[in-house]
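Contents: one structure, followed by commentary.
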Amino acid sequence: MLDVSLIRREPDLVRRGLEAKGEVADIDWFLQLDKDYRKVLTELEQMRARQNALSPEIGRKKRAGEDASAELDEVAELKSKQKHLGERKDTLAHDLKKILMRLPNLAADDVPVGHTDAENEIVDTWGEPRTFEFDAKAHWDLGDDLGLLDSQRAAKLSGAGFSLMFGPLAQLERALWNYMLDLHTREHGFQEVAAPYLVLGSTLEGTGQLPKLEAEMYGCKDDDLWLIPTAEVPLTNIHRKEILAEADLPIRYTGFTPCFRREAGAAGADTRGLIRMHQFHKVELVVYAKPEDSDAELLRIRRNAETVLQNLGLPYRVLLLCTGDTSFAARKTFDLEVWAPGCERWLEVSSISTFGDFQARRAGLRFRREGGKKPEYLHTLNGSALAMPRVIVSILENYQREDGSIEVPDVLRPYMGWRTEIRAS
RNA sequence: GGAGAGAUGGCUGAGCGGCCGAAAGCGCCGCAUUGCUAAUGCGGUGACGGGGUCACUCCCGUCCUCGGGUUCAAAUCCCGAUCUCUCCGCCA
């Protein structure tokens, strides 16, 4: 949620920022509503004050056996006026909130202005794309030939967009997430969290998925429970409506969860293999930070996520997303894209974002500095580290051998009973 | 799923329809006292919104889980929801 006082003070700045984000918003209309709202509110409060002054007087007179009918009449009149004004105030407040909840975050100043992913900037690369002396296969063929990846039967169970993995391939995934969680908890200073996969609508409002991105989500609407699209949702909402102590920050959480996405806007895209799934597993990093620390934390998360790819020996590049490609709630985002030599594509395996105080305002995440001043909104950040399916894709394609077997990356071997390769049985 | 009990400030815990933003204690902050520490004394100590101000002080409103209702007046009475606890049943 944007700071209302910023919209009042710097409407042009906000207008330009929203435009860069690809958002059309009538800020003048918002400001007019806001002005009306405050006017009505002031009137209403003045009436309340008058009424509050009259009440004890009525009590006093009644107890003393005096006539209080003049005061009673005035109160009655005030109340009838308040009824109408109160309804107007509620309507205005509701309309303002509705607009505010649908306005995206503004991008940071150093984010390149652009409309599509073509305008994202490649800011770093790591590793050399592997060359093969044989025809490298795509993961769907590798998985199929191994008999360990079965899209047909997955579709039988759940329709398109789901995967079914067997034996060592399933084990590979389990090894991956265990490895990632161990790395982040032992070496990167994160606390592991096991969180719910179903959350209330209000929780999704806190992180910004609702109300605007409802079409992206699976929901059990009878219960107002929704399947999380990312662990960001439960982890960022853990401290909702809390005021933390300065000494508590930064808080670093990591969580492994399934993620559920309808991919409503991407129907028909990436239909082969494991690249775009309605359900996938992901290890997520979430940080609550003081505002002055959030830039450094963003780079820290990025480094933590890159470490996973480096340790797995997977070549990747780092993108700084342009304004138009930066998501609704984010202020600045880096994507990590890993190279998949079989399908010859860069695949996004991580998205690392800072949200500034945008989510904090929505979710009521605050902290108080030493010395007991006013509570301030803190900053939230998160990054995937990493999303499983595309990492599996990249491992299969990068570590494939001519005979169709797959070498197991060194760091995963302790997690797979020291297995060194995956081959058809 | 059935029966019952409860929800008050950072915490514990009082609270008669008006004198309650809320006693008391703890904690915390400041000051005093004291070789140091401890102890003691005095004072202070919530959030949100609006107005005002260069800024602080300040003024008004709202908030005793949440939402409705009764009343001139609600922490207090009524209704509903949520959550917590206890017992019974069922269950991975």
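Chain letters run A, B, ... following the sequence lines, proteins first, then strands; residues in each count from 1.
- The CZ-C1' distance, from A:Phe367 to B:rA47, rounds to 17 Å in whole Å.
- Close to B:rA73, at under 4.0 Å from its OP1 or OP2, lies a side-chain N or O of A:Lys79.
- Contact annotation: A:Lys62 does not reach the phosphate of B:rG18 (side-chain N/O to OP1 or OP2, under 4.0 Å).
- Remark: A:Gln46 is not in phosphate contact with B:rG61, judged by side-chain N or O atoms under 4.0 Å from OP1 or OP2.
- In this structure, the nucleotide among B:rG61, B:rC72, B:rG46 sitting nearest to the side chain of A:Leu72 is B:rC72.
- Using a cut-off of 4.0 Å between Lys/Arg side-chain N and Asp/Glu carboxylate O, A:Arg369 and A:Glu292 are scored as salt-bridged.
- Here A:Asn52 does not reach the OP1 or OP2 of B:rC60: none of its side-chain N or O atoms lies under 4.0 Å away.
- Closest contact between the side chain of A:Arg8 and the listed nucleotides B:rC48, B:rC72, B:rG50 involves B:rG50.
- Using a 4.0 Å heavy-atom cutoff across all strands shown, A:Arg366 reaches sugar-phosphate atoms only and no base atom.
- Across all strands, A:Arg60 comes closer than 4.0 Å to no nucleic acid atom at all (heavy-atom distances).
- Using the Watson-Crick or G-U wobble rule with both distances under 3.5 Å, B:rA5 pairs with B:rU84.
- Considering only side-chain atoms of A:Pro375, the nucleotide from B:rG61, B:rG46, B:rC48 that sits closest is B:rC48.
- For A:Asp90 and B:rU62, the CG to P distance is 14 Å, given to the nearest whole Å.
- Look at A:Arg48 and you'll find a side-chain N or O under 4.0 angstrom from OP1 or OP2 of B:rU62.
- Between the CG atom of A:Leu78 and the P atom of B:rU71 there is a distance of 17 Å, rounded to whole Å.
- Checking B:rG18, B:rA47, B:rG49 against every side-chain atom of A:Arg63, the shortest atom distance belongs to B:rG18.
- Judged by distance alone, with hydrogens and angles left aside, the side-chain atoms of A:Asp248 form no donor-acceptor pair with the main-chain N or O of A:Leu244 at under 3.5 Å.
- Comparing B:rA47, B:rG50, B:rG18 by their closest approach to the side chain of A:Ile243 singles out B:rA47.
- The residue A:Glu71 sits apart from the nucleic acid: no heavy atom pair falls under 4.0 Å.
- In this structure, A:Asp224 places its CG atom 19 Å from P of B:rC66, rounding to the nearest Å.
- At a threshold of 4.0 angstrom between heavy atoms, the contacts of A:Leu54 with the nucleic acid are absent.
- When rounded to the nearest whole Å, the span between CG of A:Asp67 and C1' of B:rC72 equals 13 Å.
- Base pairing annotation: B:rG52 forms no Watson-Crick or G-U wobble pair, as no partner gives both donor-acceptor distances under 3.5 Å.
- Using a 4.0 Å heavy-atom distance criterion, A:Arg361 is classed as making no nucleic acid contact.
- Put simply, CD on A:Glu43 is 16 Å from P on B:rU62, counting in whole angstrom units.
- For B:rA22 and B:rU76, the C1' atoms lie 12 Å apart once the distance is rounded to whole Å.
- Of the candidate nucleotides B:rG50, B:rG61, B:rA47, B:rA47 has the atom nearest to the side chain of A:Arg368.
- Checking B:rC72, B:rC48, B:rC60 against every side-chain atom of A:Lys374, the shortest atom distance belongs to B:rC48.
- Atom OH in A:Tyr37 sits about 10 Å away from atom P in B:rG49, given to the nearest Å.
- At least one cation-pi condition fails for A:Arg331 and A:Phe355: the charged atom is not both under 6.0 angstrom from the six-membered ring centre and inside a 45 degree cone around its axis.
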